[in-house]
2 protein chains.
Amino acid sequence: MANMKDIARIAEVSLGTVSHVLNGTAGVREPVRRRVLEVVRSIGYQPSQLARGLRRVQTNVIGMIIPDITNPFFPAVVRGAEDLAFSNGYRLILCNTDNDHSKELAHLNELRTFLPAGLIVIPSNFSDLTAQAQSYRAAGAGVVCIDRLPKGWDGDSVTANNQSGAYRATQHLIKMGHKRLAVITGPLHLTNAEERLNGFKQAVEEAGLELPPEYVQETTFDKQGGASKTKLLLRLIPPPTAISAGNDMIALGVLTAIREAGLRCPDEVSVMGFDDLDIAEITNPALSSVSQSGYQLGMTAARILLERIAGDSGPAKHVVIETSMKIRDSVAVPVLAASPRSARATKIKSKR
Amino acid sequence: MANMKDIARIAEVSLGTVSHVLNGTAGVREPVRRRVLEVVRSIGYQPSQLARGLRRVQTNVIGMIIPDITNPFFPAVVRGAEDLAFSNGYRLILCNTDNDHSKELAHLNELRTFLPAGLIVIPSNFSDLTAQAQSYRAAGAGVVCIDRLPKGWDGDSVTANNQSGAYRATQHLIKMGHKRLAVITGPLHLTNAEERLNGFKQAVEEAGLELPPEYVQETTFDKQGGASKTKLLLRLIPPPTAISAGNDMIALGVLTAIREAGLRCPDEVSVMGFDDLDIAEITNPALSSVSQSGYQLGMTAARILLERIAGDSGPAKHVVIETSMKIRDSVAVPVLAASPRSARATKIKSKR
DNA sequence: TCGAATTTTTGAAAGCTTTCAATTAGTACC
DNA sequence: GGTACTAATTGAAAGCTTTCAAAAATTCGA
């Protein structure tokens, strides 16, 4: 591959001049500039990112660390980040941690040796990111934490307004007439799961409703967790008439478990999701959910990172992205009978 | 960050020796070796991937070029590749092309300057990959093409057995008693779409059934395409009793359009998908589909690439991954009446 | 114990860019 | 046309590693 030395030779200028033309680091007389550019074009020269990065102590790489690209919420996040990064000349190195903090650590240590311009991280369980980020920042790289925050995080962050989203979703259930609301949360050491639970509790308390401890179940953010906890909830006496799920994957499990228990959603049990994944439209019944834009999450993180790279050294930024409600068919007015199990279920059309 | 010079100074050896210890490129006497390793450990040294790549003319980066990570089939592919790459010390740079060959070209040109060890590519529409791959290979980088192949591709490839998958799926429809089979294919300039169509046709011909040209519809690989072509198919006289979709996203649109036309699946129209995405379990009715493992696709590509990196310079490899049928509820025995539209639909349980 | 053969270790160069101090060219003004 | 500037250009060093030829150390056999 051609290098700057070739350009310099052919254009009959020095190496330094070629660099100045390419980077605009010093004034270059117009005819010379044109001559160099012409050679660059004709030869199809592209600067070595390695040599450039080595010299500048910074590459055009952004490390993106996420739990698992296979989880349907994350691709949009990655895409949002990639789009903005790409259009600004940056490239993404994608790393999956499977929520394993030792895998995360391995990625963090390895990525450092690429001298990335920055990192966008969805922290793993019990992440040690706070300490690691310190050394990245010392090396002049930005670190933006998204979706959920490790404990003690004081750097830039982009998160959804989980609390208000869950709060409004729960209000919706209450307005529909539900009095016995249960919640199946994600792992509560994750800030997003915790915030959603807080939003739920806030709405329940404000409405003066009781919340028996058995009505709050914690599990993993997946279908299986949702299904097993739902089985448990439906066996309680009295059972809840509505279940608020920590995310859509959990909600998927809830729907399955309701069906397997011989009950019908929304006739006998209402379900509310969170995330508004594409699948929410497809489930039967279509899932009402709190919509948060993963794409915007990722893109905002990239935007903040680019600002940092451009030199912004102001105080930490905490962007909170608002959610919106997507009302579909999984929530209805509850059956009035004390024990819905024995009640003659009457189909009541959900309000749209 | 510490560098090899520091190690050499502290361990009281030369730079070359440190390198030899780290890479095993020359015999180093045991006590010396231990001394160096001890310093490396205590200082937490990690080699600069940039300097190493620059010198070796090859980095531990693999470029992964795909149409769009947001498309539900691709995350598993990426994950399969990442898992094997990561465990062998390689990192993935992820690039989305949106099936736009100029965007693909931009990525290909830019990636080159990272001196990647190789590329895994799902080619875009009208991809110019064949020419580009040449120059990558000349630079000692492997290029593996997956999922679909650009025209004239003669390099390594990993694809699903699209033809046999579609063939067997269509046989299944025929065995269920369908005589009027329609197909909605993806863009036929994509080899995978074409192969699936061929498999479909093969089964139809072998069964001695007629295939009116209007029963073959081509569209994009998405919901919308599936929906609009289905509307068209259902207006034909006579309409098909079964529709084979080019992939599950198309099938999703087919299901929606059937419902919107006031018909029922599988009672009045049977539907067969391709890919067996996670959503296939969720649709109503659950979608019968041809299952292909994206994870295995990605992982196999990474395996071949690693073999190439390790020095294998044998002839091009063409791995074909077998598919399997996932029978669910979207296919049933067709209603016998000549015009299903007017027939009194009788629910017939699909065989499992 | 000596010389030859082998193994270890060393030092410098190369890979490609950016950057800085130093040099050269050009401009403006008298 | 010459001086005092300013602006443009140059050349070398630095960033960190690998690799190769050469030098030094060790081993082996007699």
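Protein chains get the first letters and strands the later ones, always in sequence-line order, with residue 1 at the start of each.
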Any chance NE2 of H101(A) has more than 12 other-residue heavy atoms, nucleotides or ligands included, within less than 6.0 Å? no
Would you find more than 12 non-hydrogen atoms of other residues, nucleotides or ligands less than 6.0 Å from R137(A) atom CZ? yes
What is the per-nucleotide protein-contact pattern of nucleotides 12-20 of chain D, from the 5' end, where B denotes a base atom under 4.0 Å from a protein heavy atom, S denotes such proximity for sugar-phosphate atoms only, and - denotes neither? -BBBBBBBB
[X] has an atom [atom1]; how far is it from atom [atom2] of [N], in whole Å?
| X | N | atom1 | atom2 | value |
| --- | --- | --- | --- | --- |
| R29(B) | dT6(C) | CZ | P | 16 Å |
| E12(B) | dT8(C) | CD | P | 21 Å |
| R33(B) | dT9(C) | CZ | P | 11 Å |

Estimate the overall bend of the helix from dT1(C)-dA30(D) to dC30(C)-dG1(D) from the end axes over five pairs each, rounded to 10 degrees. 30°
Counting only side-chain N and O atoms of T17(A), is one of them less than 4.0 Å from OP1 or OP2 of dT10(D)?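 Indeed, a polar side-chain atom of T17(A) lies that close.
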Are any of the side-chain nitrogens in R35(B) or E38(B) under 4.0 Å away from the carboxylate oxygens of its partner?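 Salt bridge between R35(B) and E38(B), a charged N being under 4.0 Å from a carboxylate O: no.
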Please work out which of the three classes, parallel, tilted or perpendicular, describes the rings of H189(B) and F126(B), given edges at 30° and 60°.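 Geometry flag for H189(B) against F126(B): parallel rings.
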For D156(A), which of R308(A), R303(A), K317(A) qualifies under salt bridge (charged side-chain N to carboxylate O under 4.0 Å, His left out)?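 Among R308(A), R303(A), K317(A), the one that satisfies the salt bridge (charged side-chain N to carboxylate O under 4.0 Å, His left out) with D156(A) is R308(A).
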May I ask you to check if R112(A) and Y136(A) form a cation-pi contact, with NZ or CZ under 6.0 angstrom from the six-membered ring centre and within 45° of the axis?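 Output yes; distance and angle both within limits.
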To the nearest 0.5 Å, what is the distance between CD on E82(A) and CG on L94(B)? 6.0 Å
Kindly say whether P123(A) contributes a backbone atom to a donor-acceptor pair with the side chain of R148(A) at under 3.5 angstrom? yes
